[in-house]
Amino acid sequence: MHFVAIAIDGPAASGKSSVARRVAEHFGFLFINSGAMYRAFTWWVLENRVNPADSAAVLSLLHRSRFECALHGRESVIRIDDRDVTEACMRLEAVNGTVSTIAALPEVRRVLVARQQDFRSMGDVVMEGRDIGTVVFPDTPFKFFLEASAEVRERRRRAQGIDDNIRERDLKDSSREADPLRAAADARRIDTSHLTLEEVTAKVIEILQIEGVKPRPPARPVMSWVYRLTYDVSKAFFRTAYAMEVHHAERAAIPGGAYFAANHASFLDPPLVGTALEEPIHYLARNTLFKPPLFTWLLPRLNTVPVDRDNAELSSLRISMQLVKEGKKMVVFPEGTRTPDGSLQPAQRGVGLLVAKTGVPVIPVRIFGSFEAFPRNRKFPRLDGKIHVVFGHPIQFSEEELAAKGKAGQQAISERVMQAIANLAVPENGS
Ligand code: CDP
Ligand code: CDP
């Protein structure tokens with residue numbers, strides 16, 4: 001299937017970002033805000049106290065900085081020299097006032113345009129900016145140019161509570177020599193002054209549908225051969241030894257990153273959750289488990305991230321959060337350790353911390369029978385009994401719950417997750 005780019009250009013507050021994000025969601029494409037890259041670099045210039053008017057100094061900074069454009073779900077996120085560039089950094093008043101000066105430098109544009117074009121290897125894109133239809137993807141047949149009167153656009157910015165001299169920025173952006181703001185000759189122009197976001201979005205989607213753009217089904221991550229082999233062998237074992245049954249796996253089929261939160265009774269639990277699903281997922285394991293040479297080799301290939309129990313707050317948790325932010329799924333155990341007696345234990349705060357920091361949904365999972373099969377006090381599993389794995393509906397925590405500060409807020413999230421696990425039962429009709 002060949003690459004599809006949808007270009008949405010226009011002046012400040014014409015509605016590019018809002019429309020592009022919705023169009024991308026509709027078609028399952030990546031949403032890339034090219035302005036964010038110019039803003040991120042401008043923030044970096046200011047952060048490094050480089051004079052924006054000194055183009056030699058700006059270019060020297062450009063060439064010695066490492067610019068990383070990664071994906072967070074279907075949207076791009078920017079890191080420069082390992083620093084996350086947040087939305088707040090990019091929306092600073094100082095950035096608004098300086099970005100057009102920085103974006104007028106041809107060398108800055110050359111570097112950032114190349115990074116924008118790199119996204120073609122990651123999937124189909126809806127990209128918004130000033131020169132997407134003219135410079136970044138000039139060959140795409142899908143180009144839009146959004147417009148609105150300056151008064152309307154200023155009103156929109158004020159309503160957002162943003163201090164932004166957009167007239168000045170527009171003037172600089174349209175009068176610069178390098179890739180100025182202008183509509184491509186073959187772009188469809190839409191005056192959005194008197195349209196709502198929904199109306200503009202519907203119009204763009206309708207045009208694209210008529211032109212034959214089709215939604216992309218979400219891509220499934222693929223299993224490496226080591227993961228696949230271990231998966232097949234474990235699944236066959238669980239089915240033979242314990243007649244493993246999986247219930248409501250369809251509830252786990254949500255796009256993007258998420259945590260599977262399961263009760264913990266046995267070493268069998270991580271592979272039980274893993275083999276209950278059709279796609280590869282990620283795991284956390286005590287770092288001491290990585291000691292034997294076979295495991296040193298095998299565990300990373302089974303997507304397992306080592307956790308230092310005594311130092312659990314630090315690096316491994318950061319890695320695990322990064323993984324879910326990139327759209328991966330990971331199994332976690334809110335109880336922290338395996339149950340000593342088969343009953344559910346109180347929730348620890350850890351899961352709440354992960355959820356509060358990442359904002360991704362949690363899919364509760366209840367495992368029945370793994371305690372009987374392989375409890376803590378046994379060296380080897382029993383080879384009989386019955387195991388059920390039951391998935392619950394994904395829980396998306398509200399902004400309010402996620403923002404609840406400190407340990408108490410995190411503990412509350414963990415407890416709600418644990419309660420959702422406790423509420424799961426094996427369906428009576430065996431579905
Ligand atoms: O959201 P808003 O329209 O205010 O601006 P933006 O898309 O975040 O872009 C910020 C600035 O980056 C613009 O004013 C341009 O100077 C520059 N830019 C550019 O030169 N070329 C692009 N493709 C995107 C943004
Ligand atoms: O990306 P760009 O600067 O072109 O605009 P935006 O950030 O998508 O939109 C700026 C603001 O205008 C947002 O608060 C939108 O909700 C609002 N807007 C609107 O009210 N009606 C439209 N037709 C387009 C945008």
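Start at 1 and go down the list; that is how both ligands and their atoms are numbered.
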How close does the nearest protein non-hydrogen atom get to [atom], and which residue and atom is it?
atom                    : answer
atom 23 (N) of ligand 1 : D131 OD1, 2.8 Å
atom 19 (C) of ligand 2 : R156 NE, 3.6 Å
atom 8 (O) of ligand 2  : S18 OG, 2.4 Å
atom 17 (C) of ligand 1 : A103 CB, 3.8 Å
atom 25 (C) of ligand 1 : G35 CA, 3.4 Å
atom 1 (O) of ligand 2  : S17 OG, 2.6 Å
atom 24 (C) of ligand 1 : S34 OG, 3.3 Å
atom 18 (N) of ligand 1 : Y38 CD1, 3.6 Å
atom 10 (C) of ligand 1 : R169 NH1, 3.5 Å

Hey, does the side chain of [X] reach the backbone of [Y] with a donor-acceptor pair shorter than 3.5 angstrom?
X    : Y    : answer
T304 : A285 : no
Y231 : E279 : no
R182 : S174 : no
S65  : F67  : no
Q345 : G336 : no
R156 : A13  : yes

Select one of side chain, backbone, both or neither to describe which atoms of [X] lie under 4.0 Å from any atom of ligand 1, heavy atoms only.
X    : result
E168 : neither
M127 : neither
R130 : both

Check each atom of ligand 1 against the heavy atoms of S100 and keep those under 4.0 Å away; list them by number with element.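 Under 4.0 Å from S100, ligand 1 has these atoms: 14 (O), 16 (O).
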
Which ligand 1 atoms, with their elements, are less than 4.0 angstrom from a heavy-atom of V99?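 With V99 as reference, the close atoms of ligand 1 come out as 11 (C), 12 (O).
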
Using salt bridge (charged side-chain N to carboxylate O under 4.0 Å, His left out), reason through R39 and E87 one step at a time and then give a plain yes or no. CA-CA 10 Å; R39 285 177 179 276; E87 192 62 32; over 6 Å; no

Could you list which atoms of ligand 2 come closer than 4.0 Å to a heavy atom of T196?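 Reading through ligand 2 atom by atom, the close ones are 23 (N).
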
Below 4.0 angstrom from a heavy atom of R157, which ligand 2 atoms are there? Numbered from 1 as shown, please.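 By the 4.0 Å cutoff, the relevant atoms are 3 (O), 7 (O), 10 (C).
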
Counting neighbours of [atom1] on [X] that are heavy atoms of other residues, nucleotides or ligands and sit closer than 6.0 Å, is the number greater than 12?
X    : atom1 : result
H194 : NE2   : no
K203 : NZ    : no
K172 : NZ    : yes
E177 : CD    : no

For the rings on F3 and F137, is their centre-to-centre separation under 6.0 Å?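 Yes: the rings meet the under 6.0 Å criterion.
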
Minimum heavy-atom distance between R366 and I421, given as atom pair plus value: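 Closest approach of R366 to I421, heavy atoms only: CD-O, 3.3 Å.
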
Pick whichever of [options] has a heavy atom sitting closest to [atom].
atom                    : options              : result
atom 6 (P) of ligand 1  : R39, M37, Q116       : R39
atom 3 (O) of ligand 1  : R176, R109, K16, M90 : K16
atom 16 (O) of ligand 1 : D173, I166, N96      : D173

Can you check whether [X] has an N/O within less than 3.5 Å of an N/O in ligand 2?
X    : answer
E128 : no
V200 : no
G15  : yes

Tell me which one of R157, R153, R158 satisfies salt bridge (Lys or Arg N to Asp or Glu O under 4.0 Å) with D164.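 For D164, the salt bridge (Lys or Arg N to Asp or Glu O under 4.0 Å) test succeeds with only one of R157, R153, R158, which is R157.
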
Hey, is [X] touching ligand 2 through its side chain, its backbone, both or neither, going by heavy atoms under 4.0 Å?
X    : value
Q160 : side chain
L195 : backbone
N33  : neither

Quick one: does [X] get a heavy atom under 4.0 Å from ligand 2?
X    : answer
P11  : yes
E199 : no
G10  : no

Below 4.0 angstrom, N of the basic side chain to O of the carboxylate: do R130 and D9 qualify?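 No, no charged N to carboxylate O under 4.0 Å.
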
Taking only Lys NZ, Arg NE, NH1 and NH2, and the carboxylate oxygens of Asp or Glu, determine whether E151 and R167 approach each other closer than 4.0 Å.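 A salt bridge links E151 with R167.
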
